[in-house]
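For clarity, every value in this text was computed on a predicted model and none was experimentally measured.
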Amino acid sequence: MSFTRYLLATACVTAAAAFGLSNAGQAQSVPTDPAPGNCQISSGNFAAMFEGGVVKLNGVVKPANSTTAFPLNFCPFFDWSEQMFLWMTSPAPRRYGGGSRVMFSPQFFTVTPAGADGRRTFLRNEAGQPLRMFLRATELGPHMRPALFSRTGQVIEVQKSDPSRPVPPVVRLQSGQTARIADVRTGPAGSLQFLDLAGKILPVRRLQLPEMQRTFLQLEGKRVPVLPVAAVKDAIQARKFVFHGVPIFLDNAGNVIDVEPGQADFGVLLSQNGSLIYYITVVNDVYAYHRTMQPLDIPNPGSLNFPLTSTDAAAVVSFASAHGFTIQDPDALAVESKSSWIQASAVSNPADYIQVQAVVPTFNKSVASEWVPDGGHQTVTLVMVGFHVVGSANGHGEMIWGTFEHLGNAPNASYTYTATGNVTKTVPQNTVGAWMFTPSGAGQPFNVSHAHWDEPTGKIKGVPNGSPVAPTPVLRTNPWGMPGNSPGTNTQVIGANASVIAQLIGGDVRAKYFQLGTTWTAGGQAPGNNNQVGTNHLANATIETFVQANPFSNPPTPSSNCFSCHGTNSVLVSHIYTDLKPLF
């Protein structure tokens, strides 16, 4: 993921009824019959997650104790994510200083987008006050620039544009000379053709790239294509210009880079009825005060780790206490979360969602192809559709990465799992249903951007340029964070989900969300070849919509994963850490 990347399956309505879910806006459910012994959380262990040791309706859940050693099997990591999700979305207890949810209490801090100086700021959340949410690109590459895929699978990062020095419509020819283009059109197999003033096709030089696929050994005993970490760390830096409404990407030598059809940098996701999606990043008190213990410019951040033990946490607690702040749950260690939200008015069943009051920017939408920020803001009720949780843990400086979505977001591609009786079941892809982001019965193309955020102006523009700003039919291409034909791991994630949803008291809104999966590295190593384990093909349909693996492309786009862009086990694994200004 790009704090970055996950989900569910179409299943019968009877399963939704079994969990007490309404059908409105929820066209799928978690299978209720995973084979026993697949990460199901026992009633005793589940109750122990709650304050007081009793499961209560909308009860307050304690954070997972991240200072304890993690065994080698997968289930404790999936359990960690479940508990962290339930904790952060719990009603904030009094000792947290109030607030609607734990993650929006004064023990947590909102992280602002980078300012003109490239720095971010901690905003301590205030109980009873609306949050500030932001409209930004959903996918950023390893250097925090908008990212997309080349046709051969490489990650491309688009360099920041300078409105005073626009990129000219000039391309490199095969002869080595340059030429100004007069027109552009789509050629065979979707590739672009460039024309001169006489209407002749220009023999442009295209960046020649090998197909970026390699095999990655999974626990399932299969090898499936996934991007190498190095290929993302060395993402191709591109310049962009738009000609006759078509975005064109060039490398620094002027060679044309062929990109996946329909991709746009700074892609913007909208609900079916046109509601924009907003994002917020929050960190807990341990993260914020650990950052504040460091100087503004950290001399060697690659050698600095997040707190990993109770001793590490105690040092942060002592520092915070000396500055008048009490850390409530130090054993949670450092936690970062990014979540996605839409306006409650966009859904017919807002009571089935976690809600919050937030201040969001407003746009003049009088021109369908170009929504213009009007400088205003409004306070609205938002509902949560996606959630990432990332945290440091004992022996895991690379952090544990989990992600969740609402049941009603989007359909899944086909997947298999092992049901009770050791029966392998296949849940086919089925887009029929009441989806938030996908029209019922939608077909290809999926996950193709129809809107993008124009960084220099802040405008939201249709894709291709001049087209109306429009929603994107979304498909979760790697259900449960893995290729669909991974029944072993799929069953484990389903097992953890099913046991949590079944044990929550009826009416607890948290039962409307499910975990796509969780990933980490073997032994907490810096991410590298063949050491990324768990469900390491995660892509949240509301946060990494446009960079999911595309099995329909030719050749198929390989999967990326969280560690493609977060390739270290130092504090640099968090892209925002060094950008943040200390609290004081």
Item to check | side-chain hydrogen bond (donor to acceptor under 3.5 Å, both in side chains) between S339 and W341, worked out | outcome: CA-CA 7 Å; S339 50; W341 304 72; 2.8 Å; yes
Checklist entry - In terms of the angle between their ring planes, are Y287 and F306 parallel, tilted or perpendicular, with boundaries placed at 30° and 60°? => result tilted
Next on the checklist: Nearest 0.5 Å, please: how far is CD in E370 from OG in S467?
Outcome noted: 12.5 Å
Next on the checklist: Could you tell me if the side chain of T110 sits less than 4.5 Å from the side chain of I280, heavy atoms only?
Outcome noted: yes
Checklist entry - Out of curiosity, L192 CG to F249 CZ, how far, rounded to the nearest 0.5 Å? => result 10.0 Å
Checklist outcome for this item: Closest non-hydrogen atoms of P301 and V571, given as atom of the first, atom of the second and distance, are O-CG2, 3.5 Å
Item to check | Least distance between heavy atoms, E398 atom then T521 atom | outcome: OE2-N, 3.0 Å
Item to check | Passing option when T403 is tested against H388, K338, E544, Q515 for side-chain hydrogen bond (donor to acceptor under 3.5 Å, both in side chains) | outcome: H388
Checklist entry - Is the CD atom of Q378 crowded by more than 12 outside heavy atoms at less than 6.0 Å? => result yes
Checklist entry - How about W371 and L276: do any of their side-chain heavy atoms sit closer than 4.5 Å? => result yes
Item to check | Verdict with supporting geometry, F134 and T281, side chain to side chain contact (heavy atoms under 4.5 Å, CB included) | outcome: CA-CA 9 Å; F134 308 96; T281 298; over 6 Å; no
Next on the checklist: For the CG atom on L296, are there more than 12 heavy atoms of other groups (residues, nucleotides or ligands in this structure) within a distance under 6.0 Å?
Outcome noted: yes
Next on the checklist: Taking salt bridge (charged side-chain N to carboxylate O under 4.0 Å, His left out) as the definition, give me every residue that meets it alongside R119, ordered by chain and number, with sequence neighbours left out.
Outcome noted: D297
Checklist entry - side chain to side chain contact (heavy atoms under 4.5 Å, CB included) with N305: which residues, sequence neighbours excluded? => result none
Checklist outcome for this item: With sequence neighbours left out, the residues meeting salt bridge (charged side-chain N to carboxylate O under 4.0 Å, His left out) with R206 are D258
Checklist entry - With a 4.5 Å limit on heavy-atom distance, are the side chains of V204 and R172 in contact? => result no
Next on the checklist: Tell me whether N430 contacts the main-chain N or O of P411 through its side chain, where contact means a donor paired with an acceptor under 3.5 Å.
Outcome noted: no
Next on the checklist: Side chains of V111 and V283, heavy atoms from C-beta outward: is any pair under 4.5 Å?
Outcome noted: yes
Checklist entry - Which residues satisfy the side chain to side chain contact (heavy atoms under 4.5 Å, CB included) test with Q272, sequence neighbours excluded? => result W435, P439
Item to check | Side-chain donor or acceptor of R120 paired with backbone N/O of I576 under 3.5 Å | outcome: no
Checklist entry - Does P468 have any side chain to side chain contact (heavy atoms under 4.5 Å, CB included) partners at least two apart in sequence or in another chain, and if so, which? => result A368
Next on the checklist: If the condition is side chain to side chain donor-acceptor pair (under 3.5 Å), which residues does D374 pass it with, not counting sequence neighbours?
Outcome noted: T362
Checklist entry - Do N273 and S275 pass the side-chain hydrogen bond (donor to acceptor under 3.5 Å, both in side chains) test, and can you show the C-alpha distance, the side-chain angles, and the key distance before you say yes or no? => result CA-CA 6 Å; N273 63 0; S275 173; 5.1 Å; no
